[in-house]
Amino acid sequence: EDQVTQSPEALRLQEGESSSLNCSYTVSGLRGLFWYRQDPGKGPEFLFTLYSAGEEKEKERLKATLTKKESFLHITAPKPEDSATYLCAVQATDSWGKLQFGAGTQVVVTP
Amino acid sequence: NAGVTQTPKFRVLKTGQSMTLLCAQDMNHEYMYWYRQDPGMGLRLIHYSVGEGTTAKGEVPDGYNVSRLKKQNFLLGLESAAPSQTSVYFCASSLTGTQPQHFGDGTRLSIL
């Protein structure tokens, strides 16, 4: 059975204090790994898709990386507007269209 | 640019009542999905559709039915609501089965 585990559950950062979020996964074959950002009261907003080990994607202060068993979302010099819940999801090669989501990491960045 | 629109945004039901949640997308996407989100459990797939007139079961389909009569709309029905169905429901759509899914802002449903 496909499983996605995100850690930590919650993270509190000072503005400018860089950190990383972890997403470990178990899947028979990986078609793609997706990162989303979710603000309170809103739906998830797509950030990145990673397809193969060694791949990296960047967007402003966020950088996502992928290995064969986990993905990291690095937040460099975060700002208060980076506060959100970050969700990781995997799509298996035999699960056309279907995503398995982790429970998310809630990030709070204080000034 | 509306994207994915969910109706209603909030609803309170009594046990045993029925209701339909509506999802509409204006991106001409083939795939549409219904998820529920509960604290500490992440998003779980209820039903999905790979095109107009098709539906399929997801991870937690019991107690729900869906219909996709038009490409742009995906309806989620609760025939006899139960307190365990209290949740936030999200609809999503994607162009293909491998493209990123785009989400609506959810329907917050409470069943008393």
Side-chain angles (χ1 to χ4, degrees), chain A residues 1-10 21-27 29-52 55 57 59 62 64 71 84-106, chain B residues 1-7 9-10 21 23-25 27 29-51 54-61 66 68 74 87-108:
Chain A
E1 183 179 317
D2 302 339
Q3 281 195 320
V4 180
T5 304
Q6 292 189 244
S7 62
E9 291 183 10
L21 283 55
N22 178 265
C23 171
S24 62
Y25 62 89
T26 305
V27 66
L30 182 69
R31 185 187 297 279
L33 185 143
F34 299 79
W35 281 100
Y36 286 85
R37 169 195 171 120
Q38 186 175 22
D39 293 304
K42 298 290 187 180
E45 176 187 347
F46 170 71
L47 293 173
F48 306 110
T49 310
L50 302 167
Y51 294 103
S52 57
E55 189 175 0
K57 293 272 180 75
K59 181 179 180 179
L62 301 177
S71 177
T85 297
Y86 292 87
L87 305 174
C88 168
V90 298
Q91 185 176 50
T93 51
D94 60 354
S95 298
W96 197 263
K98 294 188 288 183
L99 296 180
Q100 182 73 37
F101 278 86
T105 295
Q106 184 179 28
Chain B
N1 192 4
V4 177
T5 303
Q6 292 185 234
T7 310
K9 297 190 185 313
F10 303 93
L21 280 64
C23 176
Q25 53 96 1
M27 297 173 283
H29 285 175
E30 289 294 335
Y31 284 64
M32 296 188 74
Y33 314 82
W34 276 107
Y35 292 89
R36 61 178 289 172
Q37 187 174 41
D38 301 293
M41 298 192 71
L43 286 153
R44 291 182 292 168
L45 184 65
I46 304 171
H47 286 283
Y48 65 105
S49 168
V50 302
T54 74
T55 62
K57 293 180 180 179
E59 181 185 354
V60 287
V66 288
R68 183 112 181 258
F74 196 29
S87 187
V88 182
Y89 291 85
F90 287 99
C91 176
S93 70
S94 62
L95 185 61
T96 68
T98 59
Q99 292 294 307
Q101 295 178 18
H102 298 266
F103 286 80
D105 282 338
T107 294
R108 283 141 190 85

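Protein chains get the first letters and strands the later ones, always in sequence-line order, with residue 1 at the start of each.
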ask   = Which atom names give the shortest non-hydrogen contact between Gly97(B) and Gln91(A), and what distance separates them?
value = O-NE2, 2.7 Å
ask   = So does Lys42(A) have more than 12 non-hydrogen atoms from other groups sitting under 6.0 Å from NZ?
value = no
key: Side chain / backbone / both / neither for Gln101(B) at chain A, heavy atoms under 4.5 Å   = both
Close side-chain approach of Tyr35(B) to Leu99(A), heavy-atom, < 4.5 Å = yes
Heavy-atom contact with chain B under 4.5 Å, split by part of Phe48(A) = neither
query = With only heavy atoms counted, which part of Leu45(B) is less than 4.5 Å from chain A, the side chain, the backbone, both or neither?
reply = side chain
key: Side chain, backbone, both or neither of Glu45(A) within contact of chain B (heavy atoms, under 4.5 Å)   = neither
query = Side chain, backbone, both or neither: which part of Arg44(B) has a heavy atom under 4.5 Å from chain A?
reply = neither
inquiry  = Counting only non-hydrogen atoms closer than 4.5 Å, does Gln38(A) touch chain B with its backbone (N, CA, C, O), its side chain (CB onward), both, or neither?
reply    = side chain
query = Taking all non-hydrogen atoms of both residues, which atom of Ala103(A) and which atom of Gly40(B) are closest, and how far apart?
reply = CB-O, 3.7 Å
query = Side chain, backbone, both or neither: which part of Thr98(B) has a non-hydrogen atom closer than 4.5 Å to chain A?
reply = both
request  = For Pro100(B) and Phe34(A), work out which heavy atoms get closest and say how close.
outcome  = CA-CE2, 3.9 Å
ask   = Got Lys98(A) and Glu59(B) here, is their nearest side-chain heavy-atom distance under 4.5 Å?
value = no
query = Under a 4.5 Å heavy-atom cutoff, which of Gly104(A), Ser95(A), Gly41(A) has the most pairs with chain B?
reply = Gly41(A)
